Amino acid sequence: MPSMVFGECSTSTASRLFPMSLRKDAAILVRRLSLPRRSRASMVPLSSKTLAVGAAAPTSPPPSVAIEACAKVIDGKYIAKQIRDEISAEVSRMKEVIGVVPGLAVILVGDRKDSATYVRNKKKACESVGINSFEVHLPTDSKEEDVLKFISGFNDDPSVHGILVQLPLPSHMNEQSILNAVTIEKDVDGFHPLNIGRLAMRGREPLFVPCTPKGCIELLHRYGVGIKGKRAVVIGRSNIVGMPAALLLQREDATISIVHSRTQNPEEITREADIIIAAVGQANMVRGTWIKPGAVIIDVGINPVEVTCKLSHFTITSCVAHVLSIVQGQFA
Ligand SMILES: NC(=O)C1=CN([C@@H]2O[C@H](COP(=O)(O)OP(=O)(O)OC[C@H]3O[C@@H](n4cnc5c(N)ncnc54)[C@H](OP(=O)(O)O)[C@@H]3O)[C@@H](O)[C@H]2O)C=CC1
Ligand SMILES: Nc1nc(=O)c2c([nH]1)NC[C@@H]1CN(c3ccc(C(=O)N[C@@H](CCC(=O)O)C(=O)O)cc3)C=[N+]21
């Protein structure tokens, strides 16, 4: 998940934007994001005059010196490591004190490559912090009842504390009835309508909150970005990212606008924002001119883009995936 914060500088807003490309300057992005930042404190306050840019992909890259001078990057990779260490310690303590090892069950239906990768990453993440993981992989032509049977088994299994049904499901399955079948106490994705409903209601607490929006808020917190009273714009309104991100920001007392595919003049809305969370399945949508100087941006989008390399011009999924994995590692 790309997320960058650029400090105030004297260049124009657009020239402060960082290219999501593999051109010469992009190497700086990769290098910057890859550098270990051991010296950082756990909370990294940003100046109130901070411009953050993530989703934007300007037409021409700024001079690298300007990037070095202006850029402040939200180093999600560093924060992720911190969080993993904290969870690891918590899991050990849990084991020691109450003799329980948390367990996550993941149900994957079908053979989508991206879903298989996400599930594999979840398994690895569990292993790295001492959480047990259970995986069920069903063929694409499975029946809905097969999935429901596994959900029911996991609902009743005391060694399973969280159940995650990887989305999207094959089109012949009813996502709603499958997600409804996960008991809310084990609904780690926070996709059950009762959990989402509680998230939306004042004075109610969801048992779980969708992970990607929660990750965005966590980054803002850990970087000391104030949310209360700020104008926040969420681009995208999906059930799994945009909508819960907006609800979470609202719970933090931000004033929210949601931009979606039918929004007219979205740039007028984003230009007002102190905080932007971009969750759109479309690359290069947010331009430099859409952003108010000093805004903080978190981009959760994962979109393959065509980039120009020094030696050739081609659509590079693997190259981009490499850059994105480094960038998205910020949030992993
Ligand atoms: N890093 C992470 O943890 C995660 C990343 N992702 C990535 O985030 C992105 C969004 O994912 P997801 O929310 O599931 O996607 P969806 O396709 O479900 O939703 C995309 C949203 O973007 C809106 N949108 C599309 N085009 C435009 C446009 N031109 N202007 C304004 N809004 C637009 C849609 O509007 P409308 O509602 O009107 O159709 C919709 O609300 C994807 O790139 C996905 O891969 C997703 C999940 C987790
Ligand atoms: N039930 C369900 N829950 C989900 O949370 C869910 C889902 N279904 N379906 C698909 C989307 C997508 N999604 C992503 C989460 C993290 C990265 C992410 O951080 N990816 C990095 C991983 C980096 C790393 O592992 O180090 C990368 O791809 O490079 C991407 C995508 C969750 N989703």
Side-chain angles (χ1 to χ4, degrees), residues 1-3 20 30 33-34 54-55 76-81 83-84 104-110 112-128 147 151 162-169 175 178-179 182 186-192 195 208-219 233-246 257-270 276-287 290 298-305 317-332:
M1 177 177 306
S3 49
M20 179 65 93
V30 174
L33 299 184
S34 313
K77 208 163 195 168
Y78 176 83
I79 300 292
K81 163 89 174 63
I83 293 174
R84 267 197 294 271
L104 174 73
V106 179
I107 300 174
L108 171 64
V109 190
R112 277 179 65 119
K113 274 207 174 126
D114 56 343
S115 294
T117 305
Y118 296 143
V119 167
R120 202 168 46 245
N121 286 347
K122 280 165 198 163
K123 201 172 171 183
K124 272 198 249 165
C126 283
E127 272 164 19
S128 77
V147 181
I151 292 176
I163 303 169
L164 193 152
V165 183
Q166 187 66 24
L167 301 178
L169 287 161
E175 180 185 296
I178 287 176
L179 295 182
V182 176
K186 299 189 181 185
D187 172 37
V188 274
D189 259 327
F191 293 165
H192 193 289
N195 275 324
F208 295 96
V209 171
C211 63
T212 301
K214 188 168 163 57
C216 297
I217 302 294
E218 192 64 28
L219 273 187
V233 172
V234 178
I235 311 178
R237 55 176 169 178
S238 71
N239 289 340
I240 75 169
V241 194
M243 179 267 289
S257 302
I258 297 175
V259 167
H260 49 77
S261 66
R262 307 298 165 91
T263 303
Q264 288 177 8
N265 304 325
E267 63 275 23
E268 284 172 18
I269 297 163
T270 57
I276 299 177
I277 295 181
V280 192
Q282 190 191 316
N284 301 346
M285 192 190 130
V286 179
R287 319 304 302 188
W290 291 33
I298 295 177
D299 177 11
V300 311
I302 302 169
N303 307 296
V305 290
T317 310
S318 59
C319 253
V320 169
H322 178 62
V323 172
L324 289 179
S325 74
I326 291 161
V327 178
Q328 282 150 20
Q330 309 298 298
F331 258 66

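We count ligands from 1, going down the list as the structure has it; atoms in each ligand are counted the same way. The model shown is predicted, which means the values in this text are computed figures rather than measured ones. Numbering starts at 1 and runs along the sequence shown. Every heavy atom of this structure was used, including side-chain atoms; hydrogens, water molecules and symmetry mates were not.
Residue contacts with ligand 1 leave out P266, since none of its heavy atoms falls under 4.0 Å from the ligand. Note on ligand 1: G281 sits in its first shell, one or more heavy atoms being nearer than 4.0 Å. The shortest separation from a heavy atom of V300 to ligand 1 is under 4.0 Å, placing the residue in contact.
Residue-level proximity to ligand 2 for I302 is carried by the side chain, the only part with a heavy atom below 4.0 angstrom. Only the side chain of Q282 comes within contact range of ligand 1, with a heavy atom under 4.0 Å; no backbone atom does. The proximity of S115 to ligand 2, defined as any non-hydrogen pair under 4.0 Å, does not occur for either the backbone or the side chain. Looking at V165 against ligand 2, only its backbone comes within 4.0 Å, counting heavy atoms. Counting heavy atoms under 4.0 Å from ligand 1, residue I240 touches it through the side chain alone.
Atom CE of residue M243 and atom NE2 of residue H260 lie 13.5 Å apart, to the nearest 0.5 angstrom. Taking CD1 of I277 as the start and CD1 of I298 as the end, the distance is 5.0 Å to the nearest 0.5 Å. A distance of 4.5 Å separates CG in L169 from CD1 in I178, rounded to the nearest 0.5 Å.
Near L164, with a cut-off below 4.0 Å to any heavy atom, the atoms of ligand 2 are 1 (N). Residue-ligand proximity, D189 to ligand 2, at heavy-atom distances under 4.0 Å covers atoms 1 (N), 2 (C), 3 (N), 4 (C), 5 (O). Using a 4.0 Å cut-off to heavy atoms of C211, the atoms of ligand 2 that qualify are 5 (O).
Closest of all the heavy-atom pairs between P266 and T263 is CD-O, 3.8 Å.
Atom 44 (C) of ligand 1 has its nearest heavy-atom neighbour, among V234, L167, I302, in I302. Taking only non-hydrogen atoms, the option from V280, I298, I258 nearest to atom 27 (C) of ligand 1 is V280. Considering each of V106, N121, V119, the one bringing a non-hydrogen atom nearest atom 25 (O) of ligand 2 is N121. Which of R237, M243, M285 comes nearest to atom 37 (O) of ligand 1 through a heavy atom is settled by distance: it is R237.
Where the criterion is an N or O separation shorter than 3.5 Å, residue side chain and backbone included, S238 meets it with respect to ligand 1. For ligand 1, none of its N or O atoms has an N or O atom of G236 under 3.5 Å away.
Counting heavy atoms from C-beta outward, L108 and Y118 have side chains that stay 4.5 Å or more apart. Within the 4.5 Å cutoff, the side chain of E175 has heavy atoms near those of the L167 side chain.
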